[in-house]
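Scroll down for the structure; my scribbles are underneath it.
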Amino acid sequence: MSNQQKQYSGPDRVFSGMQPTGDLHLGNYLGALKKFVDLQHHHECVFCIVDLHAVTVWQDPKILASQTRNIAAAYLAAGVDPAKAIIYPQSAVRGHTELAWYFNCVARIGWLSRMTQFKEKSGKNSEKMSVGLYDYPVLQAADILLFKATHVPVGEDQKQHLELSRDIAQKFNNDFKAPNFFPLPEPLIKGPGARIMSLRDGTKKMSKSEPSDNSRINLTDTADMIAKKIRKAKTDAGAIPDSLEELEGRPEVANLVSIYGAFSGLSDQGVLDKYAGQGFGVFKPALADLAVEILQPITERMNDYLANPDETDKILANGADAANQIAEPILAEVREIMGFWRK
Ligand code: TYM
């Protein structure tokens with residue numbers, strides 16, 4: 001922790017978000033959502049559905065709102081409790097876009113040009129991508145700092161964006177001689193689900209954008225689909241080894257072991273101790289049973305929320321009010337610090 005972080009005297013606050021761009025998968029659940037549920041018991045938490053981020057690539061206006069409700073339903077079904085944590089859609093809190101503009105004037109082009117996720121998403125077509133996609137990490141910094149959040153639970157793929165958020169916070173504090181105004185937010189990445197890989201290729205992360213649905217387990221999958229996808233998951237001819245070193249060079253096996261660990265609470269070595277010497281004919285059904293046992297109740301609760309959109313909408317509207325109440329005074333201070341006119 002830097003000296004500046006130590007001197008920040010505001011309250012601890014957790015912020016995170018997910019894009020409403022399709023069904024959530026096991027990576028989203030183990031990498032982030034499961035952590036949201038744990039954190040809400042001991043921290044003030046703000047969980048956003050980042051629809052402003054989603055529109056950096058084309059989204060059909062006819063389905064964007066329902067996609068937002070889907071993610072809200074997943075948050076609630078996984079156990080995020082609206083009595084404990086704020087859940088709201090990003091576009092319902094105008095401060096995100098306002099602070100993102102101020103941060104556009106703080107962040108440097110060179111910082112953004114180093115962002116690997118933009119390079120991955122745009123490939124050879126960067127000239128044809130929206131300006132929003134390029135600027136995405138600045139909006140992400142604004143999301144976090146609009147609440148002066150100190151801790152951000154995310155998967156490993158968000159590490160670089162979190163570093164940028166810290167750089168922006170630090171530069172704002174320095175440029176405007178406002179020491180410790182913004183905290184330097186700490187990513188909460190560690191944990192067994194930080195990087196869940198594709199079931200078809202253990203060197204690629206599990207992702208919504210991968211064309212093969214067999215590469216991921218979705219939170220909306222039925223028990224049969226989960227079992228089938230695990231049965232079909234790529235492995236090799238060997239058995240489960242007894243040491244972590246022997247997992248090296250076997251990325252698909254390592255991934256299944258860490259998924260088992262994330263579900264069961266066992267360490268990777270604990271999983272190996274339990275299954276060493278067994279073949280996948282034993283391990284895969286055991287993993288499928290565990291996955292179904294944990295995910296099916298979530299899917300069922302999610303379907304209940306989806307059948308009652310009014311209830312979800314009420315939670316989102318209350319959440320937006322609560323989020324605005326935290327954000328507005330912080331924004332007012334930012335305007336003051338930056339010297340904007342006021343009556
Ligand atoms: P998004 O919507 O792509 O993913 C949501 C969360 O899921 C995590 N995740 C994974 N974790 C482990 N293994 C995987 N295979 C995997 N795939 C996804 C992501 O790390 C993330 O935590 N930029 C963010 C959304 C965002 C945000 C924020 C997050 C916008 N503003 C402010 C934190 C704070 C994103 O696109 O997440």
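In what follows, residues are counted from 1 in the order of the sequence shown. In each ligand, atom 1 is the first atom listed, and ligand 1 is the first ligand listed. Please read all numbers here as calculations on a predicted model, not as lab measurements.
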Does atom NZ (Lys159) have a neighbourhood of more than 12 heavy atoms from anything else shown, all under 6.0 Å?
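Counting other residues, nucleotides and ligands, NZ of Lys159 stays at 12 neighbours or fewer.
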
Between Lys234 and Asp201 (salt bridge meaning N to carboxylate O under 4.0 Å), is one present in this structure?
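Looking at Lys234 and Asp201, the cut-off is not met.
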
Ion pair check, Lys229 and Asp213, cut-off under 4.0 Å
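Counted as a salt bridge, because a side-chain N and a carboxylate O are separated by less than 4.0 Å.
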
Those atoms of ligand 1 less than 4.0 Å from some heavy atom in [X]:
{"X": "Gly31", "answer": "11 (N), 12 (C)"}
{"X": "Phe15", "answer": "32 (C), 34 (C)"}
{"X": "Ala194", "answer": "11 (N), 12 (C), 13 (N)"}
{"X": "His25", "answer": "17 (N)"}
{"X": "Arg195", "answer": "12 (C), 13 (N)"}
{"X": "Tyr136", "answer": "23 (N), 24 (C), 25 (C), 35 (C), 36 (O)"}
{"X": "Val152", "answer": "33 (C), 34 (C)"}

Taking non-hydrogen atoms only, is Leu139 closer than 4.0 angstrom to ligand 1 via side chain, backbone, both or neither?
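For Leu139, there is no contact with ligand 1 at all, from either part.
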
Tell me the contacting part of Val50 for ligand 1: side chain, backbone, both, or neither, using a 4.0 Å heavy-atom threshold, strictly below.
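Looking at Val50 and ligand 1, just side chain atoms fall under 4.0 Å.
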
Charged tip of Lys274 within 45° of Tyr260 ring normal and under 6.0 Å
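Ring-cation test returns no.
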
Given the ring of Phe15, does Lys148 sit roughly above its face, with NZ or CZ under 6.0 Å from the centre of the six-membered ring and within 45° of the axis?
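Judged by the rule, Lys148 and Phe15 form no cation-pi pair.
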
Can you check whether [X] has an N/O within less than 3.5 Å of an N/O in ligand 1?
{"X": "Asp143", "result": "yes"}
{"X": "Gln19", "result": "yes"}
{"X": "Met18", "result": "no"}

Among Ser16, Ser165, Ala32, whose heavy atom sits nearest atom 33 (C) of ligand 1?
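Comparing heavy atoms across Ser16, Ser165, Ala32, the nearest one to atom 33 (C) of ligand 1 lies in Ser16.
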
Residue and atom name of the nearest protein heavy atom (relative to atom 10 (C) of ligand 1), distance in Å to one decimal:
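Protein heavy atom at minimum distance: Gly27 O, 3.4 Å.
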
Identify, for atom 19 (C) of ligand 1, the protein heavy atom at the shortest distance, and state residue, atom and that distance.
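Of every protein heavy atom, Asp157 OD1, 3.3 Å lies nearest to atom 19 (C) of ligand 1.
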
Check Phe103, Tyr8, Tyr102, Phe176 against Phe182 for a ring pair (Phe, Tyr, Trp, His ring centres under 6.0 Å) and give me the one that passes.
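It is Phe103, the one option of Phe103, Tyr8, Tyr102, Phe176 that forms the ring pair (Phe, Tyr, Trp, His ring centres under 6.0 Å) with Phe182.
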
